[in-house]
Protein chains: 2
Amino acid sequence: MVTMKQIAQRTGVSVSTVSLVMNHRDEGRVKPEVAARVRATAKAMGYVVNPMASSLRTNRTHILGFVSEEVATTPYAGGIIRGAQDAASRFGYVMITVSVDGQDEDAEIAALKRYGTDGFLYAKMSNCITRVPASLEREPLVLVDATDPDNRFPSVEPNEFRIGYDATCRLVDAGCERIAYIGCTEPMLAQDGRLAGYRAALEETGAGYDPSLVVDVLDNGPALRAVSALFDRARPDGFFCFNDARAWYVYECAARRGLTVGRDLSVVGVDNHRVLAETLDPRLTTVELPHYEMGYWAVCRLVAGIEDRPLDGIDMPRTTAAMPPLDAPSPARIHCALIEKESVRTA
Amino acid sequence: MVTMKQIAQRTGVSVSTVSLVMNHRDEGRVKPEVAARVRATAKAMGYVVNPMASSLRTNRTHILGFVSEEVATTPYAGGIIRGAQDAASRFGYVMITVSVDGQDEDAEIAALKRYGTDGFLYAKMSNCITRVPASLEREPLVLVDATDPDNRFPSVEPNEFRIGYDATCRLVDAGCERIAYIGCTEPMLAQDGRLAGYRAALEETGAGYDPSLVVDVLDNGPALRAVSALFDRARPDGFFCFNDARAWYVYECAARRGLTVGRDLSVVGVDNHRVLAETLDPRLTTVELPHYEMGYWAVCRLVAGIEDRPLDGIDMPRTTAAMPPLDAPSPARIHCALIEKESVRTA
DNA sequence: GTGAAAGCGCTAACAA
DNA sequence: TTGTTAGCGCTTTCAC
């Protein structure tokens, strides 16, 4: 391992000078010519900073903590983590990921803190309303796909309303006249927002909202029966599905009745498990959640907060949802926008 | 932040004594009575070690690097990461996760190294044959769900043969007589091993291996047609499916022909996307890959190597595959065992 | 048994 | 413009 000391000796300057140069704090303090020589030898010797050593003095480790309660267990997580990591690496940070599944949440967070984590991401899945662990309250923190009931922390979330709205509009555009929503019984913002969007779209386009076309189910046996009943009772010709599994129920029911998706009926589903668009079916429109973008943007926000500087030149990714044209190649994808909430607590 | 210095002052001893006690190196060197007092004040003051500071002298950070090429992007990853993290935290380590998707693999690894990572996990998905990045070759390293062509590194993998063998046996036990395999065209150990297991089971049980019952497909449109053709051509009454998506094709084909899974035909699928057993279908047997266990065990191996001590008292998780009885409640699950390969390189 | 002292690699006052 | 010095929190000789 090459140290500043070695560079100092080789260049014939002091360690402090090297330090100044390596930290780009040499403007007007070190003669440009000397600085250049230092940089040259540093490069030649393959010098890399030792962040642990600097952290001892600066109390900055350039380590971010990614704490998630369920996210790392579920298929949804990948994108968030990847986006967060890409952004982190862009700003010169690394991420330590811990998933705290109930058990010893505080112990895991404490472990992270020991390493002098500069700030935290706290992620949940499907935009639940979330109690932030007490041990995180006084740290730089951004919530991801999660909502803080009191709005005390900044958060990054999918625009759930737009998901429902865009999905339903697409079905309307495709000529569907009886559009069903297969939702979720568990209480969460995702469900509320998507249902509201679905409803708004129907009311706006004149079709009107009909509660008998909505069925909320869980991921289990009775779900298939409920969807089946809806099929026979209401004979919908369009389906907006809360996620992959629920789309699957629709497929099963359709196949069993000799109906073909894409001809007899249309389906738009949210691609939670990433199994819909990638593997199964070219006859379906999927809504892509902005997982990668949320992770990326959350880190941008967090780092800006930590370093107390504006996000100059960094744009929030995919700010608007893009609706594919009706004749788009299958499987068509609707990209969902993300929403950023400011914290209302007084810093 | 509480430091050793503060504890030393409060207890009326020197920092070195505190250091000895906190590192459990006080046996016979520090008077038990003094040691007890040190421990007491340490606890009272809420002391926690600063790993960064110690690493400066010891060159041990207790940080593990988790490098994955695709794994963090896919739904399969969660379990591996969670298992690895649990084991890490058990041994007092934390994990920094990076996913290197093609691009700047070496840059990401270099970033990890800067932090003085003690060792690495290198994970891929679906047991591909893998070239290990050069920058990892000289580090403590364990491969996860990946195979090194030259066996130069220890690895932890699912027992692919057993997956195919157990799945097929279960179908035989259930009374199936024409058992199909819906495999994968991409070359990987998972495919080879599972097919071999399928074949062995059929030959052993007397049914015999019939190549016309095997169809290898990709996750896309033609796959459904291929499975459909198999349905009509060979009329199988049992299906072993490489993964969720492929099971889905079988469901679609069955539904369209008025056949019911669990009555007219039986399906055993590998639950890659974790969407099969959890969401869709109680009429199916799923094979669970030992993701969590692989992550856990890989870290056990890695830490043992790093600290150069035996894995005393730590058992490899789920060493044998468990076959659920025929009348097991649905959805039944087959747990797959994992395999450990030693490295053949001379350390 | 215990403590003083040196030093890990780096940063930040302050002097020169 | 540069070097000297002190010290971040900890470990590790080595002397007492």
Side-chain angles (χ1 to χ4, degrees), chain A residues 1-39 41-42 45-63 92 110-111 113-118 307, chain B residues 1-39 41-42 45-63 92 110-111 113-118 307:
Chain A
M1 169 181 239
V2 184
T3 72
M4 283 192 177
K5 199 175 176 181
Q6 298 176 37
I7 298 182
Q9 281 165 345
R10 276 261 251 160
T11 327
V13 293
S14 78
V15 193
S16 358
T17 306
V18 177
S19 174
L20 283 178
V21 173
M22 295 323 284
N23 291 303
H24 305 104
R25 317 175 111 276
D26 56 308
E27 194 73 5
R29 326 240 262 113
V30 177
K31 209 188 293 179
E33 192 258 336
V34 178
R37 259 174 48 228
V38 169
R39 263 184 266 272
T41 41
M45 299 178 74
Y47 172 77
V48 282
V49 282
N50 180 336
M52 318 308 248
S54 357
S55 80
L56 229 45
R57 300 261 2 175
T58 58
N59 284 321
R60 281 277 142 80
T61 52
H62 281 223
I63 297 179
K113 280 188 177 170
R114 288 216 313 266
Y115 282 85
T117 327
D118 289 343
E307 302 185 349
Chain B
M1 168 181 239
V2 185
T3 71
M4 284 193 176
K5 199 176 178 181
Q6 297 175 38
I7 298 183
Q9 283 166 342
R10 276 261 250 163
T11 326
V13 295
S14 78
V15 194
S16 351
T17 307
V18 177
S19 174
L20 282 178
V21 173
M22 297 320 286
N23 290 307
H24 306 103
R25 317 176 114 275
D26 56 307
E27 193 74 6
R29 326 241 260 116
V30 177
K31 209 186 295 178
E33 192 258 337
V34 177
R37 261 174 45 230
V38 169
R39 262 184 265 273
T41 40
M45 299 177 73
Y47 172 78
V48 282
V49 283
N50 181 336
M52 318 308 248
S54 356
S55 80
L56 229 46
R57 297 267 349 180
T58 58
N59 282 323
R60 281 277 141 81
T61 52
H62 282 224
I63 297 178
K113 280 188 176 170
R114 288 217 314 266
Y115 282 85
T117 326
D118 289 343
E307 301 184 350

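Proteins get letters first, then strands, A, B, ... in listed order; numbering begins at 1 in each.
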Reckon [X] has a side-chain N or O less than 4.0 Å from the OP1 or OP2 of [N]?
X     : N      : value
A:T17 : D:dG3  : yes
A:N50 : C:dC8  : no
A:N59 : D:dC8  : no
B:S19 : D:dC10 : no
A:S54 : C:dC10 : no

Can you tell me which nucleotide in [options] comes closest to the side chain of [X]?
X     : options              : result
A:V13 : D:dG9, D:dG3, C:dC10 : D:dG3
A:L56 : C:dT2, C:dG9, C:dC8  : C:dG9
B:T58 : D:dT11, C:dG3, D:dG9 : D:dT11
B:K31 : C:dT2, C:dG9, D:dC10 : C:dT2

Rounded to the nearest Å, what distance is computed from the [atom1] atom of residue [X] to the [atom2] atom of nucleotide [N]?
X     : N      : atom1 : atom2 : result
A:H24 : C:dA12 : NE2   : P     : 15 Å
B:N23 : D:dC10 : CG    : C1'   : 9 Å
B:I7  : D:dG9  : CD1   : P     : 12 Å
A:Q6  : C:dC8  : CD    : P     : 11 Å
A:M4  : C:dA12 : CE    : P     : 10 Å
B:Q9  : D:dG9  : CD    : P     : 12 Å
A:M22 : C:dC10 : CE    : P     : 9 Å
A:L20 : C:dC14 : CG    : C1'   : 13 Å

Exercise for the section: For A:V34 and for B:P51, locate the closest nucleotide of DNA chain D by heavy-atom distance; then report the residue assigned to the nucleotide nearer the 5' terminus. Expected result: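 So the residue in question is A:V34.
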Interatomic distance, [X] atom [atom1] to [Y] atom [atom2] [nearest 0.5 angstrom]:
X     : Y     : atom1 : atom2 : answer
B:T11 : B:M45 : OG1   : CE    : 8.0 Å
B:Y47 : B:T3  : OH    : OG1   : 7.5 Å
A:Q6  : A:T41 : CD    : OG1   : 11.0 Å

Exercise for the section: Report which part of the nucleic acid B:T3 touches: base, sugar-phosphate, or nothing (heavy-atom distance under 4.0 Å, all strands). Expected result: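 If one applies the 4.0 Å heavy-atom cut-off, B:T3 turns out to touch the sugar-phosphate alone, with no base involved.
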Handout entry: Along DNA chain C (nearest heavy atom to each residue), the more 5'-positioned of B:S14 and A:M1
Key = B:S14
Problem - First encountered from the 5' end of DNA chain C, between A:R29 and A:V49 - result: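 Nearest-nucleotide comparison on DNA chain C picks A:V49.
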Practice task
Check whether more than 12 heavy atoms from other residues, nucleotides or ligands sit under 6.0 Å from atom CZ of A:R10, and answer yes or no.
Solution key: no
Exercise for the section: Would you mind telling me which of B:V13, B:V18, B:L20 makes a side-chain contact (heavy atoms from CB on, under 4.5 Å) with B:V30? Expected result: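 By the side-chain contact (heavy atoms from CB on, under 4.5 Å) criterion, B:V30 pairs with just one of B:V13, B:V18, B:L20: B:L20.
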Problem - Side-chain-base donor-acceptor pair under 3.5 Å for B:R57 and D:dG9 - result: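 Check fails, no donor-acceptor contact within cut-off.
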Exercise for the section: Report yes or no: is there a donor-acceptor pair, N or O only, under 3.5 Å between the side chain of B:S16 and the base of C:dA4? Expected result: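 A donor-acceptor contact between them is present.
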Exercise for the section: Applying side-chain contact (heavy atoms from CB on, under 4.5 Å), run through A:M52 and B:I63 and close with a yes or a no. Expected result: CA-CA 12 Å; A:M52 318 308 248; B:I63 297 178; 3.9 Å; yes
